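Working notes, beginning with the structure itself.
We use all heavy atoms of the structure for the numbers below, so side chains are in, but hydrogens, waters and symmetry mates are not. All values derive from a computational prediction rather than experimental measurement.
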Amino acid sequence: MFFPPDLPDKFRNLPKAAGGFFEKNRIAAVVCLLAVLLILGFVMLLAMNNNSEREAVPRAPLIPPEELFLGEEPDFIPPVILEREPRRAWTGEDAAPFWRDPLKRGEEPWRERIESAVDELLEGVP
């Protein structure tokens, strides 16, 4: 058994022991009682203060559901309107803003990457 055999007797005598302690130390009893009342008063004051602050905050106006959701989509797809005619062929000047020369910084790193990729592919061939 984990509990001492006289534990039930100690629990039965606990109120008498506490009463005896506070009877001998009346100042301690009064101080404890005042501390409990002070803490309860402080908690009630905080609760009342929080409640008044919540009421003082203005509520946001309600947004009607029509403004939150988009209307129904149309059953047809509108035609595409092109701003300009598509090009049939690109010139070097047209492609220049989109082109970066990979050999500008040197050919060797690209050649090594390409060769290693080809070697990996060929390793899987029987």
Test side chain to side chain contact (heavy atoms under 4.5 Å, CB included) applied to Asp94 and Thr91, step by step:
CA-CA 5 Å; Asp94 295 336; Thr91 64; 3.1 Å; yes
Is atom CD1 of Ile63 surrounded by more than 12 heavy atoms (other residues, nucleotides or ligands) closer than 6.0 Å?
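No, because the 6.0 Å sphere around CD1 of Ile63 holds 12 heavy atoms or fewer from other groups.
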For Leu37, does the CG atom have more than 12 heavy-atom neighbours from other residues, nucleotides or ligands under 6.0 Å away?
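Enclosed.
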Would you give the length of the straight line joining atom CH2 of Trp90 to atom CZ of Phe98, rounded to the nearest 0.5 angstrom?
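One finds 5.0 Å between CH2 of Trp90 and CZ of Phe98.
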Could you give the distance from NZ (Lys104) to CZ (Arg100), rounded to the nearest 0.5 Å?
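Those atoms lie 10.0 Å apart.
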Side-chain donor-acceptor pairs of residues 115-126 under 3.5 Å, sequence neighbours excluded:
from   : atom 1 : to     : atom 2 : distance (Å)
Ser116 : OG     : Glu112 : O      : 3.3
Ser116 : OG     : Arg113 : O      : 2.9

